[in-house]
Amino acid sequence: MEDGKRVQDDRLWQAVLGEIELSVSRGNYLTWFKNTRLLRFKDGVLTIGVPNVFIKQQLERKYNSLIEEVLAKNQITPERIEYKIHTDINASSRRLEEEPFQLNTESSERLHSATTITNSLSHSYRQGLNERYTFENFIVGSGNELAYAACQAIAQNPGTKYNPLFIYGGVGIGKTHLIQAVGNAITSRNPSTRVVYVSTEQFVQEFIDAVRYKKNTDFAGYYRNADVLIIDDMQFIAGKDKTQEEFFHTFNALHQANKQVIISSDKPPKDIPTLEERLRSRFAWGMSIDMQNPDFETRCAIVQSKADLVGIILPSDVVDYLANHIQTNIRELEGALNQLIAFCEMRHLEPDVTIVSNLLSANKTRPKHLSARQVIERVSKHFQVPMDDMLGPKRDKDIVVPRQIAMYILRSELHLSYPKIARELGRKDHTTAIHSVDKVENEMSFDAVIRQHVTDIKERLYA
Ligand code: ADP
Ligand code: MG
């Protein structure tokens, strides 16, 4: 890709970012990576543009090897990586967002929510919605048809039926896409409708800030004046008692005024630990829908439609291969497709099964010298929790947290599958592993102590 066209560079970088996004916590991704771009690759030097000196230092010191590794997976092996402060970064990421090829909509969604976090309380209505998430580009199939139908009904007549709508299901299966599609459909029909989309993490953070800066009333007023409130990833409200109370009042105010509330979560209300009973019973007033993994045909249709969007024709065996090998997480499926397209474009190759199988198996390569057992032992030593307890049934907090961290590291470092992670830790149910990984990832974004534990453990692992 020497002197490669800018578009190709962008595409490559999107593929790289897509992968980094899967391997670092959400908070780290937002803070260090989201506003970077590939400036050039020339004479063996790959130059990455970054918005400021802090990010430059952090990438140089902490993330250089991760970036190298991911580039290498994409067969790019520069002699040197340079980080350059680049003032046009914000404009350029906007430009990128407009590019039709950028399949990884999740990252731009995060970009969006990151900006709104910094402007909390000064936002206007219709914030947080990413117009890329529409009903039109949502593939309906087994697993999501019920949720789709309910969302359509709400978009036509908000506040009348299914209120609240509670959608739950695993990671990356389209919950955010679908609930944002409702918001987009409503605002496009009636632009003055006050649609508020907010992630639960952001809601929690804004609430904490509001209390701290004594802007409680602005906060409450903002949410209680919404016509449609869409709140994503409700599981993160677990354990946040004050926020739950605030949400309870917001919910009541909206519900009484026949305003629509839409909630998503990775699990049903009854399985969200420490969800207040009164909230749980409020959620039961409306409709709860379980979103299931898409079946093979639906996954194929999704791949096909994403390829169509960027004007790429994929042979059907390549589509089948992707759909067969990535079964539960559409985000991963998109990431793999993105990577395949970038790889082929750069080398002027036609996508075929050999290429895609090589790329997917390269993704799976992991530090060979590390076994799952070694990871768990390292965590057990770090927290001084005996291995028996790590692998045993006890549910005490000082055992559960190390166990969850072990699961997180097995995922982020060894890229093990969730069922395998569960087995390694003596759990029967792989959803425990999914939740643990997600939880640690989430906590790392705001909890410096957890972050430090994970960093220390990783350092020792690779020492
Ligand atoms: P979740 O919120 O459930 O974790 P997302 O809504 O973020 O998942 O979906 C992950 C990615 O997969 C998004 O880019 C989304 O557009 C895409 N996606 C998921 N389901 C579908 C679908 N049925 N049709 C088209 N794209 C989908
Ligand atoms: Mg989501």
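Just so it is clear, the values below take in all heavy atoms, side chains as well, and ignore hydrogens, waters and symmetry mates. Count residues from 1 along the sequence. Ligands are counted one by one from 1 in listed order, and the atoms in each one are counted from 1 as well.
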Enquirer: Look only at interatomic distance and state if Lys175 has a nitrogen or oxygen under 3.5 Å from any nitrogen or oxygen of ligand 1.
Expert: yes
Enquirer: Apply ring pair (Phe, Tyr, Trp, His ring centres under 6.0 Å) to residues Tyr63 and Phe33 and explain how you reach the verdict.
Expert: CA-CA 10 Å; Tyr63 291 108; Phe33 294 98; 5.0 Å; yes
Enquirer: With a 4.0 Å heavy-atom cut-off (strictly under), which part of Asn137 contacts ligand 1: side chain, backbone, both or neither?
Expert: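 Looking at Asn137 and ligand 1, just backbone atoms fall under 4.0 Å.
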Enquirer: With heavy atoms of Asn144 as the reference, note each atom of ligand 1 found under 4.0 Å away.
Expert: 23 (N)
Enquirer: How about Ser192 and Asn190: does a side-chain donor come under 3.5 Å of a side-chain acceptor?
Expert: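 Indeed, the side chains of Ser192 and Asn190 share at least one donor-acceptor pair under 3.5 Å.
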Enquirer: Taking N or O atoms only and a 3.5 Å limit, does Gly174 qualify as a polar contact for ligand 1?
Expert: yes
Enquirer: Does NZ or CZ of Arg282 fall inside the cone over Phe248's six-membered ring, less than 6.0 Å from its centre and within 45° of the axis?
Expert: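 Checked: cation-pi criterion not met.
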Enquirer: Is the number of heavy atoms from other residues, nucleotides or ligands within 6.0 Å of CZ (Arg395) greater than 12?
Expert: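 Check fails, neighbour count at 12 or below.
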Enquirer: For ligand 1, is Lys306 a contact, meaning one of its heavy atoms is under 4.0 Å away?
Expert: yes
Enquirer: Is the Mg ion (ligand 2) less than 2.8 Å from at least one N/O/S atom of Ser199?
Expert: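 Of the N, O and S atoms in Ser199, none lies under 2.8 Å from the Mg ion (ligand 2), which means no.
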Enquirer: Using distance alone, determine whether Val171 and ligand 1 share an N or O pair under 3.5 Å.
Expert: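 For ligand 1, there is no N or O atom that lies under 3.5 Å from one belonging to Val171.
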Enquirer: Go through the side-chain N and O atoms of Tyr197 and Asp232 and say whether any donor and acceptor fall under 3.5 Å apart.
Expert: yes
Enquirer: For a quick test of reading the model, state the closest non-hydrogen atom pair linking Ile326 to Leu360 and the distance between them.
Expert: CD1-CD2, 4.2 Å
Enquirer: Out of Pro294, Gly335, Gly172, indicate the one that has the non-hydrogen atom closest to atom 1 (P) of ligand 1.
Expert: Gly172
Enquirer: Test of understanding: given a 4.0 Å heavy-atom threshold, classify the contact between Ile302 and ligand 1 as side chain, backbone, both, or neither.
Expert: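 Side chain only; the backbone of Ile302 stays clear of ligand 1.
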Enquirer: Can you list the atoms of ligand 1 that are under 4.0 Å from a heavy atom of Gly170?
Expert: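 Here the atoms of ligand 1 in question are 3 (O).
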Enquirer: If you measure from CG on Leu229 to OH on Tyr223, what distance do you get to the nearest 0.5 Å?
Expert: 7.5 Å
Enquirer: What part of Met291, side chain from CB on, backbone N/CA/C/O, both or neither, has a heavy atom under 4.0 Å from ligand 1?
Expert: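 Near ligand 1, Met291 shows nothing, with every heavy atom at 4.0 Å or more.
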Enquirer: Does anything in residues 240-249 form a side chain to side chain donor-acceptor pair (under 3.5 Å)? List the pairs, not counting sequence neighbours.
Expert: Arg224-Glu246
Enquirer: Is it the side chain, the backbone, both or neither of Glu334 that has a heavy atom closer than 4.0 Å to ligand 1?
Expert: side chain
Enquirer: Evaluate Leu178 for polar contact with ligand 1, using N/O atom pairs at a separation under 3.5 Å.
Expert: no
Enquirer: Starting from the C-alpha separation in whole Å, work towards a yes-or-no answer on side chain to side chain donor-acceptor pair (under 3.5 Å) for Ser436 and Asp438.
Expert: CA-CA 5 Å; Ser436 303; Asp438 233 48; over 6 Å; no
